[in-house]
Number of protein chains: 2
Amino acid sequence: MVTLQDVAREAGVSIATASWAINDNRHVRIPEATQERVRKVAQKLGYRQNALARGLARGQSDLIGFISDGVATSPFAGQVLQGAQDEAWRSNKLLLVIDTNGDDEIASKACAFMLEHQVEGIAYSSWVHHLVTPPNELSKVNTVLINCFDSAMRYPAVVPDEVQGGEAATNLLLAAGHTRVAFINDKVRTPASVGRLRGYKQALAKAGIPYDPSLVILRTADQEGGYSAAEAVLASGADSVFCHNDRTAMGLYDALKSRGKRIPEDFSIVGFDNQEVIANHLHPALSTVGLPQYALGVLGIRLLLANNRQTKQSSVANDNKESAKTNMRIVSRQETLVPCPVVKRRSVKHV
Amino acid sequence: MVTLQDVAREAGVSIATASWAINDNRHVRIPEATQERVRKVAQKLGYRQNALARGLARGQSDLIGFISDGVATSPFAGQVLQGAQDEAWRSNKLLLVIDTNGDDEIASKACAFMLEHQVEGIAYSSWVHHLVTPPNELSKVNTVLINCFDSAMRYPAVVPDEVQGGEAATNLLLAAGHTRVAFINDKVRTPASVGRLRGYKQALAKAGIPYDPSLVILRTADQEGGYSAAEAVLASGADSVFCHNDRTAMGLYDALKSRGKRIPEDFSIVGFDNQEVIANHLHPALSTVGLPQYALGVLGIRLLLANNRQTKQSSVANDNKESAKTNMRIVSRQETLVPCPVVKRRSVKHV
DNA sequence: TTGAAAGCGCTAACAC
DNA sequence: GTGTTAGCGCTTTCAA
């Protein structure tokens, strides 16, 4: 292993100078020439910083913890991870990733592990937008919740704007001239089902169409749910359907088609999630509203890093008021809503 | 921050003793009592090891690099990551994850970054089984390829057994009594298309059924491909179809149904990939062959860690023969084939 | 069995 | 500007 010492010796400078030359330290001005020379030598020797030593000395690891309850399980979560990584990368941070697979004990251990590795913060992310109770260890470190939130609201959270999404989806149908829009909603009460229903109602209200509860059909949020909702849709006299998600839409497609109905001629349909494997490949391709996963990841990490800077500053500003920091964390609690993008395809027909 | 020093002082022992008491060092025997006391104090003080310091001192980071070209893009890759993580965890290692999104420059930087962080090895994984040219930096560290392989075969690779998978899929149909099995294969030449075709042929041969090239239909490996293959399937006089993957099967379902055909009454169908969102929710649910993603991840990391141990040992055994290590790495090259599991559902009918 | 002390490789005061 | 040096927190050899 080539150390800074080797580089310094070879370049005929002190170890400190070598460090500065390589790190572009702004507190010290080193002649171009020296800097150049040191770098050349470093290159030649194949020198590579030791992040462990560096981190130890600077009290900063350049590591960010990313805890997820299901990158593996879900086709969604990957995008969040990607966004988080890309944003972390921009600040020269690396992601320490652990998937808890929904196990709280693992989550707790994951935290401990990450704290040992001196992570500069932890992003706690869920594959489905819901209420979580993150491990207590999290309170010991700068934390941000992604695609989930805690009841105590101790941590800032970045979540999709379900209401806006629901409204956008409904508007897709309304704008096409439909007036009786059925809504197959998840029968389970979740941020998504509650928010999207609210958005649905808002859209109707703005369009001056009275809300008709008989148009809201409650089912499980999957293909089977959509499939089984066909009867109800037919019976409701609806001319179009907003499905709680793409999977529901997929099931509905199937059921409608087997009854000889055509999409979008007989029914305009929109889904939710923009789940690539499904939405883009149904016949006809499904218009839908996407979840802003990538953005969630990006914003989560951005928030984390911003809080980090802020904490540092404030702790410098009033290092004797330890409580200020604690207060800050609670007070500064906020929920960032990220809009859901509309994806128009071929399942909506203008009337 | 509570340091080992604090614990030692509070417990009235030296810092070294404290370290031993906490780490269960096997070279030193510490009285139960002392050990217990130190641990209690550590607990009370909320002591937490500093992995950076520990790693620096021991020359070992407990970090493993995981480079992927698309955890985000693919619903598959997540499982690999999960397997890798679980296995790493078992050895108390953490995963440093970077997704290159297919960008070679990023891959190269990712390597550099990981090397700086003193990773003990790098698992280079791809979301699709194919030939890769990993960055040269990889040669500087213990590496294993997951779900991909390099042409120079410099690194050990863990990949799915496409041949066995293809054979298993075909057998699903053969065992049900079908004799004219069509195979909608990917028209692009890939390890999957080549291997599965070989497996298809093997299954036929073992069943004593002559291989009929007219039953092999080449299409793109997605819904559209499957959809467009319906005509050819009908024309071929096949009684069943092995689809290159579940997406293809999904398209075929669609096309067949719209032509009034029933599955599995008129056609038995099997897919490949066991892509949850699709296979388990088609009507009827699709029998298929799964990709052993989780196992790939587990085995990859296991191999990596095993190689690590081996390297250490051999370098101790003959530390003056540096070349031995180098040779070993090249010679020990191997491709580990992981079997693809069969998943029986309802799309195959016994005749 | 225990403690003192020498690093691990690097950064950042501080002195020159 | 550049070098000296004192750590960062922990492990581990060596002596006691």
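What's counted below: heavy atoms across the whole structure, side chains too, no hydrogens, waters or symmetry copies. A note on names: the letters A, B, ... follow the listed sequences, proteins ahead of strands, and every chain is numbered from 1.
Per the geometry, CG belonging to A/Asp62 stands 19 Å off P belonging to C/dG9, to the nearest Å. Between B/His117 atom NE2 and C/dG9 atom C1' the separation is 14 Å, expressed in whole Å. The interatomic distance linking A/Gln60 (CD) with C/dA12 (C1') rounds to 14 Å, in whole Å. If you take CH2 of A/Trp20 and C1' of D/dT2, they are 7 Å apart, rounded to a whole angstrom.
At D/dT2, none of the side-chain N or O atoms of A/Thr17 fall inside 4.0 Å of OP1 or OP2 (strictly under the cut-off).
Each end of the helix from C/dT1-D/dA16 to C/dC16-D/dG1 gets its own rotation axis from five pairs of C1' atoms, and the angle between them is 40° to the nearest 10 degrees.
A donor-acceptor pair under 3.5 Å is absent between the side-chain atoms of A/Ser19 and the main chain of A/Thr17, judged by distance alone. Remark: the backbone N or O of B/Ile67 is not paired with any side-chain donor or acceptor of B/Asp99 at under 3.5 angstrom. Between the side chain of B/Gln334 and the backbone N or O of B/Pro156, no donor-acceptor pair lies under 3.5 Å. Counting only distance, with no hydrogens or angles, the side chain of A/Asp6 and the backbone of A/Val2 share no donor-acceptor pair below 3.5 Å.
Looking at A/Leu305 and A/Arg90, their side chains never come closer than 4.5 Å, going by heavy atoms from C-beta outward. Side-chain contact between A/Ile122 and A/Leu96: absent, with no pair of heavy atoms (C-beta onward) separated by less than 4.5 Å. B/Leu304 is listed as a side-chain neighbour of B/Asn142, based on a closest heavy-atom distance under 4.5 Å.
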Show me the donor-acceptor pairs, under 3.5 Å and distance only, between side chains in residues 104-118 of chain A and residues at least two apart or in other chains.
from     : atom 1 : to       : atom 2 : distance (Å)
A/Ser108 : OG     : A/Glu137 : OE2    : 3.0

Are there any protein N/O atoms within less than 3.5 Å of an N/O atom in nucleotides 8-10 of chain D, and if so, which ones and at what distance?
from   : atom 1 : to      : atom 2 : distance (Å)
D/dC8  : O2     : A/Ala57 : N      : 3.2
D/dG9  : N2     : B/Ala53 : O      : 3.3
D/dC10 : OP1    : B/Tyr47 : OH     : 2.5
D/dC10 : OP2    : B/Leu4  : N      : 2.5

